[in-house]
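Quick note on labels: first sequence line is chain A, next is B, and so on, each numbered from 1.
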There are 2 protein chains.
Amino acid sequence: MILLYKRYKLCHAVFMEASKVKDIKEKEIGDTMKEPKFSRLKEDIKAKIVHSEWKAGDKIPSENMFAAQYHISRQTVRKAIGELTEEGYLYAEHGRGTFVSERTIHTRTSKNIAVVTTYLSDYIFPRLIQGIEQVLTANGYSIMLKTTRNSRAAEARCMEELLSKDIDGLIIEPSKTQISCRHTSLYDQMDEYGIPYVFIQGYFEQMKKNLTC
Amino acid sequence: MILLYKRYKLCHAVFMEASKVKDIKEKEIGDTMKEPKFSRLKEDIKAKIVHSEWKAGDKIPSENMFAAQYHISRQTVRKAIGELTEEGYLYAEHGRGTFVSERTIHTRTSKNIAVVTTYLSDYIFPRLIQGIEQVLTANGYSIMLKTTRNSRAAEARCMEELLSKDIDGLIIEPSKTQISCRHTSLYDQMDEYGIPYVFIQGYFEQMKKNLTC
DNA sequence: TGCGATTTGTGCGTATGTATA
DNA sequence: CTATACATACGCACAAATCGC
């Protein structure tokens, strides 16, 4: 076993010797070698996404393409792409390719659902929330509770806060529904982040359906 | 170049042939091969940290040690450790080793306070929660609501869940306080994570003091 | 002071499995 | 069936930091 290992190492050394020539050449042409290669690629990809050169849903070049273009190994490319995937910029589809995420940030793993009501002290809402809490707990989710005191300003503030936190969904009793909604942009943002939301105004059955699935 | 590559490949093949024997043996002894190897190691390390077998600041075995013990490659070990580092369980110091993080996970910026009660439907608790909610909202915090239905098992489950989430504090109405607490370890963990917690059993004034600061 | 051993960091090349088009 | 592409895994090389002698 040890003998075989040594033989392997020797052959490897011979091969390495030959490849050294290219390595040196690359170092001469290449960058300053200050920051790691994967880091450079990562920033390049990130920049292209942030500056909308690559838009949401676009397929980015394959790992081998990057490897070839940047003269780095596939593993190094994988490291860059892997980190960007973890950060939410990219997502991979097995056998298809790697794509730019719809909207960054939200990772859909917080297991938190925000429940926003106007008031808590009413006779009905404690029970409602208790019902939601039970269903959510049974499915491993938690409630994040907020109230608006039927103020649209408070609702807007509340939603902004929720957008900055990590929630997987929103159940909201909108305030002052008789007047038109003044902060549709916040709901648009929810859409963009891919956070589902349901309105509740007494439709318990419908709500429950949206909850459990 | 191509010639050298082929020679290398041949040698490699010979070596591989020899190592196959060990591979098969390992498969026989080893696990079901269902989940990836790095994942198993990752869970093992995580468990040791969570169960305080390895405490904050402790140096964990070197990558090569893990590789030898688990009969896996160093790269695979690095993947497991890398993910745990990203999750905040570990940190590495170049040339020294890898250590358990001081405060795992918790980053103290979530602005979430968990409120755990036995039931919600009582007459008093909706008001209590409303009070907490108002104070918290005024200070930019959010409530994360959980109930235990006065079950210690549910309380333990609930706390485990909260520990995995990102909360800055815990306000808890303990279940069945007449009996001694069976899951002190979970409260110990809260201490270790640096998450403050207060018990509520009617001491509104005291609670409020702990809340706002 | 230096030198070697240890340990992490980066990078390379390869192999196998599997899902998709 | 083949080609593409991702996932996991192996082994090796070299660099840089640290520590002990």
Tell me the interatomic distance from [X], atom [atom1], to [N], atom [atom2], rounded to whole angstroms.
X: B/E93; N: C/dT6; atom1: CD; atom2: P; answer: 20 Å
X: B/F66; N: C/dT6; atom1: CZ; atom2: C1'; answer: 16 Å
X: B/Q75; N: D/dA7; atom1: CD; atom2: P; answer: 17 Å
X: B/L90; N: C/dT8; atom1: CG; atom2: P; answer: 11 Å
X: A/I81; N: D/dA5; atom1: CD1; atom2: C1'; answer: 11 Å
X: B/I72; N: D/dC10; atom1: CD1; atom2: P; answer: 6 Å
X: B/Y91; N: C/dT7; atom1: OH; atom2: C1'; answer: 15 Å

Quiz item: Do B/I81 and B/F66 come within less than 4.5 Å of each other through their side chains, counting heavy atoms only?
Solution: yes

Quiz item: Between the main-chain N or O of A/T147 and the side-chain N or O of B/E133, is there a donor-acceptor pair closer than 3.5 Å?
Solution: yes

Quiz item: Counting N and O atoms only, with roles assigned by atom type, does the side chain of A/D168 sit under 3.5 Å from a partner on the main chain of A/I113, one being a donor and the other an acceptor?
Solution: no

Exercise. Between C/dT8, D/dT18, D/dT8, spot the one nearest the side chain of B/R96, thanks.
Key: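 My answer, after comparing the listed nucleotides, is D/dT18.
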
Quiz item: Taking the side chain of B/S73 as heavy atoms from C-beta outward, which of D/dC6, D/dA15, D/dA9 is closest to it?
Solution: D/dA9

Hey, does the side chain of [X] come within less than 4.0 Å of [N]'s phosphate (OP1/OP2), counting only N and O?
X: A/R78; N: D/dA7; result: yes
X: B/R74; N: D/dC10; result: no
X: A/T98; N: D/dA5; result: no
X: B/T76; N: D/dT8; result: no
X: B/K79; N: D/dT8; result: yes

Exercise. Please determine, for D/dA15, whether a Watson-Crick or G-U wobble partner exists with both distances under 3.5 Å, and give it or none.
Key: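 Paired with D/dA15, as far as the under-3.5 Å criterion goes, is C/dT8.
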
Quiz item: So, B/K59 and B/E93, do they make that salt bridge, N to O below 4.0 Å?
Solution: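 The answer is no: the pair does not qualify as a salt bridge.
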
Quiz prompt | B/E63 (side chain) and C/dG9 (base): donor-acceptor pair under 3.5 Å | solution = no

Quiz item: Have B/T118 and B/E173 got a donor and an acceptor in their side chains that come within less than 3.5 Å?
Solution: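 A pair is found: one side chain offers a donor N or O, the other an acceptor, under 3.5 Å apart.
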
